Amino acid sequence: MKAMLVDENKNLVWSDVDDPIIKVDEVLVKIHAAALNRADLLQRQGKYPSPAGCPEWMGLEIAGEIVEIGKDVTDWEIGDKVCALLGGGGYAEYVAVKYDMLMPIPKGLSMEEASALPEAYATSYLNLFIEGHLKEGQTAFIPAGASGLASVAIPMAKAFGAKVITSVLSDEIAEKIKPLGADVIINSTTQSVEDILKAEEENGTPVSVSMDCLCGETLGKSLPFMSRGGYWIVISTLAGIETTVQLRPLLTKGLHLVGSMLRNRTPQFKAYILSELVEKVWPKIESGAIKPSIYKVLPMAQAEDAHAILERGENVGKVVLKVV
């Protein structure tokens, strides 16, 4: 089969590799589409290798069709249309997937839309509802509103009854992301995030959960204005790896500062998250309350162009590579 390898010059090369051999608890999926994640860029740079036992090439989420089943798999059949969460290996024609890393494609979605679900939706659900304990009527702060992840997390939080605050770098970007449904969009170039969050607290709608991929100085400045018992979930540090935290509000409000990564969770816990998605989120997708946000679909041959879109930060929503 073919897979997208990285050569010594960091170029992407569609290359011949060995066909996957499935284990007794795995299925073989013919990949139709693979969605991109910022982790793919890091992996290409050699900074985020696939976990042990996973293919070396990139790709954390795919959609496709089951074409072979291991002898111990009972919940799936050949021909089933599925999407899957992977440790790696999605930029390819086929991938072997453990049965509990598969999810049915929600009714009404295309393969391209379904490929954008597993990683981003699992990450959002994990950090908003499991780590962050977000409840209906609470306020969530989800910075970097134009990111692929925010394009999932904002509608998800809204669909479960939360007020959502996000941040972007310009009024132009703010206009682009309005369809995501955020209640408050901060232009962090001209506005102070901490001042806005302070005003929200004074107005009786303090942030209960933040799913923060930026961090840096803004985290420490904003933390004191959270609600009592609030959860600030650190999922990446794109705006800086250091901040100054005032410990008194942390103590008196009982705040939680939590580091969280989906990638290092156990397979069993990842399977639990996926089962939660199918039970609680898939019905909202099928009803139209949540809709995957796709920025652009490109053929696998244009993977370099797809990566460039993420590197420039131009996308609002997910970028997807079409395999067949």
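Since the model is a prediction, treat every value here as computed from it, not as a measurement.
Distance check, rounded to the nearest 0.5 Å: CG of Leu277 to CE of Met103 gives 5.5 Å. Note that CG of Leu102 is 9.0 Å distant from CG of Asp80, once rounded to the nearest 0.5 Å. Put simply, OG on Ser124 and CD1 on Ile142 are 7.0 Å apart, with the number rounded to the nearest 0.5 Å. One distance of note links CE of Met58 with CD of Glu56; it measures 10.0 Å at 0.5 Å rounding. Going from atom CG of Leu169 over to atom CD1 of Ile186 covers 12.0 Å, rounded to the nearest 0.5 Å. Interatomic distance, CG of Leu247 versus CG of Leu223, reported as 9.5 Å (0.5 Å rounding).
Side-chain N or O atoms of Asp7 include one that pairs as donor or acceptor with a backbone N or O of Asn11 at under 3.5 Å. Distance alone, capped at 3.5 Å, places no donor-acceptor pair between the Asn37 side chain and the Ala39 backbone. Within the 3.5 Å criterion, the main-chain N or O of Leu36 finds a donor-acceptor partner in the side chain of Lys318. One N or O on the side chain of Ser15 and one on the backbone of Val13 form a donor-acceptor pair closer than 3.5 Å. Between the Lys81 side chain and the Pro106 main chain, no donor and acceptor come within less than 3.5 Å of each other. In this structure a side-chain-to-backbone donor-acceptor pair under 3.5 Å is missing from Asp212 to Val234. A donor-acceptor contact shorter than 3.5 Å links the side chain of Glu286 to the backbone of Lys107. Side-chain atoms of Ser210 come within 3.5 Å of backbone atoms of Phe141 as a donor-acceptor pair (strictly under, hydrogens ignored). Here the side chain of Lys163 pairs no donor or acceptor atom with the backbone of Thr205 at under 3.5 angstrom. The closest donor-acceptor contact from the side chain of Lys30 to the backbone of Leu28 lies at 3.5 Å or more, if one exists at all.
Annotation: side chain of Ser222 is in contact with side chain of Trp232 (closest heavy-atom distance under 4.5 Å). A heavy-atom distance below 4.5 Å is not found between the side chains of Glu194 and Lys198. Proximity of Pro20 to Met1: side-chain heavy atoms (C-beta onward) are separated by under 4.5 Å at one or more points. Annotation: side chain of Leu180 is not in contact with side chain of Thr166 (no heavy-atom distance under 4.5 Å). Residues Glu68 and Ile22 have side chains in contact (heavy-atom distance under 4.5 Å, counting atoms from C-beta outward). Contact of the Glu276 side chain with the Phe129 side chain is not registered, since no non-hydrogen atoms from C-beta on lie closer than 4.5 Å. Between Met111 and Ile105 there is a side-chain heavy-atom pair separated by less than 4.5 Å. For the pair Leu250/Gln246, no side-chain contact is recorded, criterion being any heavy-atom separation below 4.5 Å from C-beta on.
At a threshold of 4.5 Å between side-chain heavy atoms, the hydrophobic network of Ile, Leu, Val, Met, Phe, Trp and Tyr places Val323 and Val297 in two separate groups. Both Met101 and Val278 belong to a single network of hydrophobic side chains, linked directly or stepwise wherever heavy atoms of I, L, V, M, F, W or Y lie under 4.5 Å apart. Linking ILVMFWY residues whenever their side-chain heavy atoms come closer than 4.5 Å, directly or via other members, places Trp14 and Val95 in the same cluster. Connection of Val209 to Ile185 is established within a shared hydrophobic cluster, with ILVMFWY side chains joined at heavy-atom distances below 4.5 Å, either directly or through further cluster members. The cluster map of Ile, Leu, Val, Met, Phe, Trp and Tyr, joined by side-chain heavy atoms under 4.5 Å apart, puts Leu126 and Leu86 in the same cluster.
In this structure, Lys280 is not positioned above the aromatic face of Phe160 in the sense of NZ or CZ being under 6.0 Å from the six-membered ring centre and within 45° of the axis.
Taking a cutoff of 4.0 Å between a charged side-chain nitrogen and a carboxylate oxygen, Lys98 and Asp100 qualify as a salt bridge. Ion pairing between Asp72 and Lys23 fails under the 4.0 Å rule for side-chain N and carboxylate O.
In this pair, His256 and Tyr231 present their aromatic rings parallel. The plane angle is below 30°, not in the 30 to 60° band.
Of all heavy-atom pairs between Val67 and Ile78, the closest is O-CD1, 3.9 Å. In plain terms, the two heavy atoms of Ser50 and Gly88 that are nearest each other are OG-CA, 4.0 Å. Closest heavy-atom contact between Pro143 and Ala150: O-CB, 4.3 Å. Between Leu321 and Pro299, the shortest heavy-atom contact is CD2-O, 3.6 Å. Taking both residues in full, the closest heavy atoms of Gly240 and Cys215 are given as O-CB, 4.0 Å, listed atom of the first, atom of the second, then distance. Ala33 and Val320 get closest at one heavy-atom pair: CB-CG1, 3.9 Å.
For Arg312, the CZ atom counts as densely surrounded, since its 6.0 Å shell holds more than 12 non-hydrogen atoms of other residues, nucleotides or ligands. Other residues, nucleotides and ligands contribute at most 12 non-hydrogen atoms within 6.0 Å of the CD1 atom of Ile21. Open room surrounds CZ on Arg228; 12 or fewer heavy atoms of other groups in view lie less than 6.0 Å from it. Heavy atoms of other residues, nucleotides or ligands lying less than 6.0 angstrom from CD of Glu311 number more than 12. At most 12 heavy atoms of other shown residues, nucleotides or ligands fall within 6.0 angstrom of atom NZ in Lys322. Sparse packing is recorded around OH of Tyr99, with 12 or fewer heavy atoms of other residues, nucleotides or ligands lying under 6.0 Å away. More than 12 heavy atoms of other shown residues, nucleotides or ligands fall within 6.0 angstrom of atom CD in Gln191. Within 6.0 Å of CD in Glu217 there are 12 or fewer heavy atoms belonging to other residues, nucleotides or ligands.
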Does Ile130 form a side-chain contact (heavy atoms from CB on, under 4.5 Å) with Phe269? I'd like the steps, not just the answer. CA-CA 11 Å; Ile130 297 176; Phe269 191 71; 4.0 Å; yes
Might you work through the side-chain contact (heavy atoms from CB on, under 4.5 Å) test for Val193 and Lys221, ending with a clear yes or no? CA-CA 9 Å; Val193 170; Lys221 292 177 180 179; over 6 Å; no
Trace of the side-chain contact (heavy atoms from CB on, under 4.5 Å) decision for Thr189 with Ser170: CA-CA 7 Å; Thr189 301; Ser170 71; 5.7 Å; no
What verdict does the salt bridge (Lys or Arg N to Asp or Glu O under 4.0 Å) test give for Glu304 and Arg44, after you've listed the backbone C-alpha separation in whole Å, the side-chain angles of each residue and the deciding distance to 0.1 Å? CA-CA 11 Å; Glu304 295 270 8; Arg44 181 177 176 180; 2.6 Å; yes
Please evaluate residues Val281 and Met156 with respect to the criterion side-chain contact (heavy atoms from CB on, under 4.5 Å), reporting the C-alpha separation (whole Å), side-chain torsions for both, the decisive distance (0.1 Å), and the verdict. CA-CA 8 Å; Val281 178; Met156 184 182 292; 4.3 Å; yes
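Between the side chains of Ser260 and Arg265, a donor-acceptor pair is found at a separation under 3.5 Å. Counted by atom type alone, Glu61 and Tyr121 present zero donor-acceptor pairs between their side chains at under 3.5 Å.
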